[in-house]
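Chain A is the first sequence line, chain B the second, and so forth, proteins listed ahead of strands; every chain is numbered from 1. Values reported hereafter were calculated over all heavy atoms of this structure, with side chains retained and with hydrogens, waters and symmetry mates removed.
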2 protein chains.
Amino acid sequence: MLRLTQSEENYLKAIFTLSQDAEGAISTNELAEKMLTKASSVTDMLKKLCEKELLEYQKYQGCALTNTGKSHALAIIRKHRLWETFLVDKLSFGWDEVHEIAEQLEHIQSTELTDRLDEFLGFPKVDPHGEPIPGKDGRIESVSNRILLSEAVVGMKGIIMGVEDDQTEFLQYLNKIGLHLGTPIDIVDKLSFDGSIIVNMDGRQIQFSITIAKQISIKPL
Amino acid sequence: MLRLTQSEENYLKAIFTLSQDAEGAISTNELAEKMLTKASSVTDMLKKLCEKELLEYQKYQGCALTNTGKSHALAIIRKHRLWETFLVDKLSFGWDEVHEIAEQLEHIQSTELTDRLDEFLGFPKVDPHGEPIPGKDGRIESVSNRILLSEAVVGMKGIIMGVEDDQTEFLQYLNKIGLHLGTPIDIVDKLSFDGSIIVNMDGRQIQFSITIAKQISIKPL
DNA sequence: GTTAATTTTTAGACTAGTCTAAAAAAAGTT
DNA sequence: AACTTTTTTTAGACTAGTCTAAAAATTAAC
């Protein structure tokens, strides 16, 4: 059983998530930005992780996770999302308060613990932000027919299904305007010049910048 | 708020527990043995912790925690015991399976989390091994009239109230012989030449070496 | 297809934590 | 009081992870 440091685990997780919305290899700079560190530090770490066969890496060519690397990443994401669910469902934390704590809890080493937690929570399919929770086997059950709010068209109706979880301030803002999972919305208008989207929610009119709209996913009705 | 590494926290916890059954300062060697490390490493760490005013240290004179150091140690012990309680009460782990996992969980940084966990568990007074759980304020409610089994006298009756938690094999052995918290026992005999204690438990006769007897505490009836 | 700009890697240094080996201090013994 | 043993500290080295500054490779621009 390959034992990883917290830092190595954080790199794997970052590479995995970057790979999800990018084609091909992940560049050193891209990763450095995500990890809030310097490119030189990233290079060092990539060499090490490549040595451990968790990713493929060639000088100046970026990196990509191997299957082993992917399953490690998925195991960490599984733990992160299960712990977030625990914190919200069992300890009554708000969805804006759990990310940082889960960033620590995701590194606890014990498959047995993870699986029992999963059971204790009733095998949840999604975390408090609507993100799917990978199963024991690392498979993510695809969350069907969701689109980003930024891709919605005027006149469409939908239900809020997921939001990005990594910015506390963003989630606090969503709390303030009363947006949560399950909230129904109507797409009222879209401003062509900056991409802003205007939605109707609980009878109120709310305007989202394109940046925000990209961080919210809905199920069209 | 002073932020400590896991290693620093582990040293504080070790010094605290060693200080509980020893008078005066803790020696470098004693601590090295407890931490499964070398005396030279301990010296380095003592210098650092002294610098941070978590303990008092003078060359060749051993160390002793300051009040700040003590409350840090108590906070870690509080987390350790609350997590053990969670693992046993909520996730159905055995008392012999939780120590190692709690050693990791005790380093999670969030007072809010600790306090909410405490509430979720119903403010338990003792952990699954009978060890008292320090409160929010760091106070340990004294567990009244307990004595070590090694100090019991022949003819005495008692109830098992606590056991040492840090050796998995020891706890597995207790499981095997059917000893758990609340089990009533009679002290049948004591062998003068090696200090062994013979007890009657559930109608069976069981012999404990002095080493084992020192790791079990009872409430005399 | 050179030159310029950008990206990435290397080189060398720093902190935290550990180690071994040797020196220094303290404690025990005669 | 001097010698021996034990304990503790120092000195120097190693790994993991990070950094800055400079070199090298790649990409973009003309």
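- Put simply, CG on A:D44 is 11 Å from C1' on C:dA11, counting in whole angstrom units.
- Proximity of B:Y57 to the phosphate of D:dT9: a side-chain N or O atom is located under 4.0 Å from OP1 or OP2.
- Donor-acceptor pairing under 3.5 Å is lacking for the side chains of A:D127 and A:W95.
- One can find a donor-acceptor pair under 3.5 Å joining the base of D:dT20 and the side-chain atoms of A:S40.
- Put simply, NZ on B:K47 is 14 Å from C1' on C:dT18, counting in whole angstrom units.
- Between D:dT9, C:dT8, D:dT20, one nucleotide has an atom nearer to the side chain of B:K59 than all others, and that is D:dT9.
- Listed here is the closest heavy atom pair of B:A102 and B:L87: N-CD1, 4.5 Å.
- Going from atom CD of A:Q58 over to atom C1' of C:dT9 covers 15 Å, rounded to whole Å.
- When the nucleotides D:dT26, D:dC19, C:dT18 are ranked by their closest atom to the side chain of B:Y11, C:dT18 comes out on top.
- With rounding to whole Å, A:L46 atom CG is found 17 Å from C:dT7 atom P.
- With DNA chain D read from its 5' end, the first of the two nearest nucleotides for A:M45 and A:Y60 is the one closest to A:M45.
- For A:K38 and D:dT20, the shortest distance from a side-chain N or O to OP1 or OP2 is below 4.0 Å.
- Backbone-only engagement by B:S7 is indicated by non-hydrogen atom pairs under 4.0 Å involving sugar-phosphate atoms exclusively.
- For A:F170 against A:Q215, the heavy-atom pair with the smallest separation is CZ-CB, 3.7 Å.
- Taking atom CD of residue A:E30 and atom P of nucleotide D:dT26, one finds them 19 Å apart after rounding to whole Å.
- Atom-to-atom, NZ of B:K52 to P of C:dT15 comes out at 14 Å; the value is rounded to the nearest Å.
- Residue contacts for A:T28: at a heavy-atom cut-off of 4.0 Å it reaches the sugar-phosphate backbone alone, with no base atom in range.
- Atom-to-atom, CD of B:E8 to C1' of C:dA16 comes out at 9 Å; the value is rounded to the nearest Å.
- The interatomic distance linking A:L31 (CG) with C:dT7 (P) rounds to 15 Å, in whole Å.
- A distance of 12.0 Å separates CG of B:L82 from CD of B:E119, quoted to the nearest 0.5 Å.
- Within the 4.0 Å cut-off from OP1 or OP2 of D:dC19, at least one side-chain nitrogen or oxygen of A:S41 is found.
- A donor-acceptor pair shorter than 3.5 Å cannot be found between the side chains of A:N29 and A:S27.
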